[in-house]
Amino acid sequence: MAAHALNKASNESAFPERRIFPDEAVKKVAFPVVVSGPSGVGKTCLCQGVLADCGDVVYSVSATTRAPREEEVNGRDYHFVDRERFRAMIQADELLEWAEVHGDLYGTPRYSVLPFLEQGKIVIMDLDVQGGLSMRKAFPDGVFVFIVAPSFEVLEERLRKRRSESEEALKVRLRNAREEMKFRKYYDYLIVNDLLGRTLETLKSIIVAEKCCMTRLFPAEGSGSTR
Ligand code: 5GP
């Protein structure tokens, strides 16, 4: 008799969140996740890993004037455009932000972000620190994650192994890495990318935690958090 009552009670509360969190509120949780950090730190792999594992996350495809690398596909990795087209995009206010990075122009098209946020998706983007700051102003409720290598030596080794840049371009990226590190204080989270698998799990955990954030679920109610 007692066991039966217990089963009944636990069945009733099997899905308590259905009563506590209305589906409508949960569906409204959409936010950008900005991933920044020095070149070669592993941002692209991390974003790809998140996309492979999280069905509600989409990647914001940037526009760039940089030449495509061997393995890159136009429209999937970047929208590869010439400077004239990039300037036209700026003029037409098609970009949410843009910046010159390592001598090339990079920008986030509105169409790569806004329609997906409206659909309730999480939009992950790989931006330099200038882009990170611009997005912070445009989306104060975004999630900003800074990735670092365990050391500068490891970063250089990873960049060299990649073999995607000339020696000169590589030196520019290494020089810029030291400057970019100064911007980490503007980010919400810092992850040391020592083991890719572990870093990916940490990044996914941050996204999952942010999806459960009380002020995102119920913005009108706020929360007792002092964060
Ligand atoms: P890569 O040439 O290695 O693909 O990217 C160079 C740098 O440009 C990276 O730091 C990357 O985060 C940044 N980047 C890529 N897309 C954008 C963008 O749309 N806006 C900004 N501001 N930076 C970007």
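Indexing begins at 1, ligand by ligand and atom by atom, following the structure's order.
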Quiz item: Taking 4.0 angstrom as the limit, do Arg175 and Glu179 come out as a salt bridge?
Solution: no
Quiz item: Do the charged groups of Glu94 and Arg85 touch, with an N to O distance under 4.0 Å?
Solution: yes
With respect to [X], determine whether any N or O atom, backbone or side chain, lies less than 3.5 Å from an N or O atom of ligand 1.
X: Tyr78; result: yes
X: Glu180; result: no
X: Asp126; result: yes
X: Ser62; result: yes
X: Tyr106; result: yes
X: Gly107; result: yes
X: Asp128; result: yes

Quiz item: Does ligand 1 have an atom that lies less than 4.0 angstrom from a heavy atom of Met125?
Solution: no
Exercise. Might you confirm whether atom CZ of Arg136 has over 12 heavy atoms from other residues, nucleotides or ligands at distances under 6.0 Å?
Key: yes
Quiz prompt | Over 12 non-hydrogen atoms of neighbours within 6.0 angstrom of CZ in Arg110 | solution = yes
Quiz item: Cationic tip of Arg178 within the cone over Phe152's six-membered ring, i.e. under 6.0 Å and within 45° of the normal?
Solution: yes
Exercise. Could you walk me through whether Asn74 and His79 pass the side-chain hydrogen bond (donor to acceptor under 3.5 Å, both in side chains) test, one step at a time?
Key: CA-CA 5 Å; Asn74 190 24; His79 300 290; 4.8 Å; no
